[in-house]
There are 4 protein chains.
Amino acid sequence: MNSHGGLEPVPRRSTAALIADQLRSAIMYGHLAPGDQLGETDLAAQLGVSRGPLREAMQRLVQEGLLRSERHRGLFVRELEAEDVRDIYVARLAVERASCELVMRGNRGEALARLTASLEELVQAAETGDRTAMSDADQAFHQTLVSCSGNRRLERMAQTLLVETRMCLTVMQDVYPEAAELVDEHRKLLDAITEGDEKQLLNLIESHMLDTVDRINTTGPAAIRRSTSAQN
Amino acid sequence: MNSHGGLEPVPRRSTAALIADQLRSAIMYGHLAPGDQLGETDLAAQLGVSRGPLREAMQRLVQEGLLRSERHRGLFVRELEAEDVRDIYVARLAVERASCELVMRGNRGEALARLTASLEELVQAAETGDRTAMSDADQAFHQTLVSCSGNRRLERMAQTLLVETRMCLTVMQDVYPEAAELVDEHRKLLDAITEGDEKQLLNLIESHMLDTVDRINTTGPAAIRRSTSAQN
Amino acid sequence: MNSHGGLEPVPRRSTAALIADQLRSAIMYGHLAPGDQLGETDLAAQLGVSRGPLREAMQRLVQEGLLRSERHRGLFVRELEAEDVRDIYVARLAVERASCELVMRGNRGEALARLTASLEELVQAAETGDRTAMSDADQAFHQTLVSCSGNRRLERMAQTLLVETRMCLTVMQDVYPEAAELVDEHRKLLDAITEGDEKQLLNLIESHMLDTVDRINTTGPAAIRRSTSAQN
Amino acid sequence: MNSHGGLEPVPRRSTAALIADQLRSAIMYGHLAPGDQLGETDLAAQLGVSRGPLREAMQRLVQEGLLRSERHRGLFVRELEAEDVRDIYVARLAVERASCELVMRGNRGEALARLTASLEELVQAAETGDRTAMSDADQAFHQTLVSCSGNRRLERMAQTLLVETRMCLTVMQDVYPEAAELVDEHRKLLDAITEGDEKQLLNLIESHMLDTVDRINTTGPAAIRRSTSAQN
DNA sequence: GTGGTCTAGACCACT
DNA sequence: GTGGTCTAGACCACG
């Protein structure tokens, strides 16, 4: 915090980075829906920037895979097929599994502190019943988990994957688990970290990811689920 | 909030404004103490900016009166005399009294909502006993009050005055009221707004300001207190 | 006065402060009109200074609120909406009301002497019929009034507000009162101070401010006027 | 292949994407070395494009983390610390481990065919002793491995990580293994896939990654290695 | 292409 | 030596 710690460098991010954040946010919350075209004139006006930095920001999202570029047609929000949903969760599993391993062998204390706070947010969101707040807290929990790994590259990968996860959830809201279950699953993850039970933690994170895939698509992903579980 | 509201213009403040905020904060929390010289080379390095924008930011604070300029010597954090303390609170009284009047005749509903939230923060801070948090909440309450007036000029004046108030408090910590009393005084202010009792509100805000002056300096300010009270 | 030969310290104010004064003057007299962009290259050439100090001076005016900064676009003279006019006069009322109170309980003798001189200037200006001279004298009267309060912070606030007042007047010249009325209103203020009638003084200063608002905007502000008057 | 005469859609990728490829290549081969500044005027001239698309391409690489942006200074090739090297290999391990799992449970036949071809390239490069060719073949092998997973997101992550791996190797050439060892390690990976021994494959890929980290930094990472191995 | 913004480096004045 | 001042040059954004 700057509030009590004295003088810190002023945080100055480039305009393109700020715009990219705005766009990522808009995609995440479904304000820009899959398939939507991003008209640069309109967007530039809405964001209060000129087209140059806007185009640069959009290229960032193209690189991330959140936007799709059609030459001489424009840029569109990427549409997710069933196959993508599976890919996303499998990739998340890879990233978060590695993060879990690093957390268990790294600064577990810091992780516990930060994740306990994140869980608290999730509990509060669950109490209000606000689905968006719950999703926000869910996402924040996982972002914190990966952040605790201390591996910047895993963090960057997770950022994009979590936005894509939100895109899935926004479209198919019925697959989102009940509040109680959501809190419970995350609490179990935190418990495993507390107890230092790495094997248990890895099993839980795997279930956490693959159960969702199952919930969304009951054919095929089941196979993935079974075989992947077999590895332990 | 950007979180749920779709696309908003990206907030892009000038570097000088950001630096000014940092410096104001540092002065407010006493990290830059009254009388300290602001070496531009060091500061620029600490803040990660070059001397140009830093100098521009410092000129902003000179204009505000938080810094004092000595030609060819440098810039120093303004030192507050006893006289200044009285001036600050009298000026705050002028600003906040006007704000109170505007609030009572303006959108009282919005004011009630925002101030209730601010009071809640103050209560929580009081519970923890964290003096800095209490001061933060105290300051935020008054900033909100003036903000509810809808008068930008009063807001700008209040900003500087509140920073100066913090400088006073940082130096003379013993004059700060007990947690219970602090909460109580603010709750009374809120009550008066709730009940629409303007006369009562003005009396309270006046006591709130002048009591502090009395607490700091028991001679002279008493006279101010008495005569000013006589106006109603 | 310095002219009688006594050696006084050279008033070596910083270059930025001198430039800021020049700019403030130019804005006040409408030489730099609301909405005008301040091209730094041109201005630097005209003022015979380099861009560095000029930029520092301009940041002072940004802090005062006389200039508006658009990132990567430049600095512009602030444009005043009808809302701003009301805000300015309400803020002036807050500052001058507090000043009046301090004057009545402070060194009333000095105030009488200085304000009598100021009134004399106003009378002379009124006789010539020079509107600019009248505005200058009007402004000087109020600056003196606040200065007599002995409160530096009120003085600083008043300085900016008076410049903004001039901006209003420059734009809408037709609202400025007749010479006779102008002199009369100020004479009444002085009379109330002479007689030590604080209540009367406060009523007069309030009318003095709010009548102008009414004159500029006859719809809505009337309501403000009425309700505000009700406070006494 | 396209050479047999069938008409295929022209791969009309956007200009920004093509430029990004060029830049990525230049960074990978060390033509643009870590710490180098990318002057946009010069680069635009060298690449025969205008600054617009070039800037868009560079923003893609910023997003990937290959470039670092310093506001109002320019863009620089990211410099890799020892910490980064470890992060890169740990992240690669996460991605390639997941890919291995998917390959073993997916179309193993196609993987075998493609990886056998890749290994052959590596053998030939080893025979010539050309270090660049060896690195190219090494990289291609792993790219193929991840590609066989059929997970686009893992592929995208791997792309950046492999470029970063090359940056490491370009800087510290002495850590690169002997030709014979390099071929041997990859042949063992292929063997494990042929035999369908998933457990063995995962052990091998883990050693493949972490041995390199050990080779680069012999202190500390050893601990990482040991504990990570403990997971199986 | 123009102009705003920031950085870097040099010179001068004061302590 | 340090701060005050100015110039040169590059990046950044807008039209």
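Computation of the quantities below employed the complete heavy-atom set of this structure, encompassing side-chain atoms and omitting hydrogens, waters and symmetry-equivalent molecules. Given the structure is predicted, the values throughout are model-derived calculations rather than measurements.
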Review point. Below 3.5 Å, does any donor atom in the side chain of C:R51 face an acceptor in the base of E:dG4, or the other way round?
Key: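 No.
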Mind listing the closest non-hydrogen atom pair of [X] and [Y] along with its distance?
X: C:L43; Y: C:M58; result: CD1-SD, 4.4 Å
X: B:V49; Y: B:I19; result: CG2-CD1, 3.6 Å
X: B:V85; Y: B:C168; result: CG2-SG, 3.9 Å

Review point. Is any side-chain N of the basic residue among B:D84 and C:R153 closer than 4.0 Å to the acidic one's carboxylate O?
Key: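 Judged by the 4.0 Å cut-off on N to carboxylate O distance, B:D84 and C:R153 do form a salt bridge.
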Point to revise | Salt-bridge contact D:R68-D:E70 (side-chain N to carboxylate O under 4.0 Å) | key: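 Salt bridge flag = yes for D:E70 with D:R68.
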Closest listed nucleotide, where the reference is the side chain of [X] and the choices are [options]:
X: D:R73; options: E:dA8, F:dA13, F:dT5; value: E:dA8
X: B:P53; options: E:dT7, F:dA13, F:dT5; value: E:dT7
X: A:R12; options: F:dC11, E:dT7, E:dG4; value: E:dT7
X: C:T15; options: F:dG4, F:dT5, F:dC6; value: F:dT5

Roughly how many Å is it from [atom1] in [X] to [atom2] in [N], rounded to a whole number?
X: D:R68; N: F:dC11; atom1: CZ; atom2: C1'; result: 15 Å
X: C:R13; N: F:dG4; atom1: CZ; atom2: P; result: 16 Å
X: C:H72; N: F:dA10; atom1: NE2; atom2: C1'; result: 12 Å
X: D:L38; N: F:dA10; atom1: CG; atom2: P; result: 16 Å
X: B:R55; N: E:dT5; atom1: CZ; atom2: P; result: 17 Å
X: D:E70; N: F:dA10; atom1: CD; atom2: C1'; result: 13 Å
X: B:I19; N: E:dC6; atom1: CD1; atom2: P; result: 8 Å
X: D:E56; N: F:dC12; atom1: CD; atom2: P; result: 14 Å

Review point. Contact class for C:V49 vs. all strands (heavy atom < 4.0 Å): base, sugar-phosphate, or nothing?
Key: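 Nothing: the residue C:V49, judged by heavy atoms under 4.0 Å, touches no strand.
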Review point. With a non-hydrogen cut-off below 4.0 angstrom, is A:G52 in contact with a base, only sugar-phosphate, or nothing?
Key: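 No contact.
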Practice item. Give a yes or no on this: more than 12 heavy atoms of other residues, nucleotides or ligands lie within 6.0 Å of atom CZ of A:R156. Key: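 Counting neighbours around CZ of A:R156, more than 12 heavy atoms of other residues, nucleotides or ligands fall under 6.0 Å, so yes.
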Any side-chain N or O of [X] under 4.0 Å from OP1/OP2 of [N]?
X: B:Q37; N: F:dT2; result: no
X: B:T41; N: F:dG3; result: yes
X: D:R71; N: F:dC11; result: no

Check your understanding: Can you name the one residue among C:R78, C:R60, C:R24 that meets side chain to side chain contact (heavy atoms under 4.5 Å, CB included) with C:L66?
Key ->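 The residue from C:R78, C:R60, C:R24 that satisfies side chain to side chain contact (heavy atoms under 4.5 Å, CB included) with C:L66 turns out to be C:R24.
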Study note, to complete from the structure: Symbol by symbol from the 5' end, with Watson-Crick or G-U pairs under 3.5 Å, [ ] crossing and | another strand, DNA chain F is ||||||||||||||.
Review point. Starting at the 5' end of DNA chain F and moving along, which residue's nearest nucleotide shows up first, B:D42 or D:E40?
Key: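 With B:D42 and D:E40 compared, the 5'-side residue is B:D42.
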Review point. Between C:G48 and A:G48, who's closer to the 5' end of DNA chain F by nearest nucleotide?
Key: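 Counting from the 5' end, the first nearest nucleotide belongs to C:G48.
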**Study point:** Validation row: B:Q159, B:E64 side chains within 4.5 angstrom (heavy atoms)
**Key:**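 A side-chain contact under 4.5 Å exists here.
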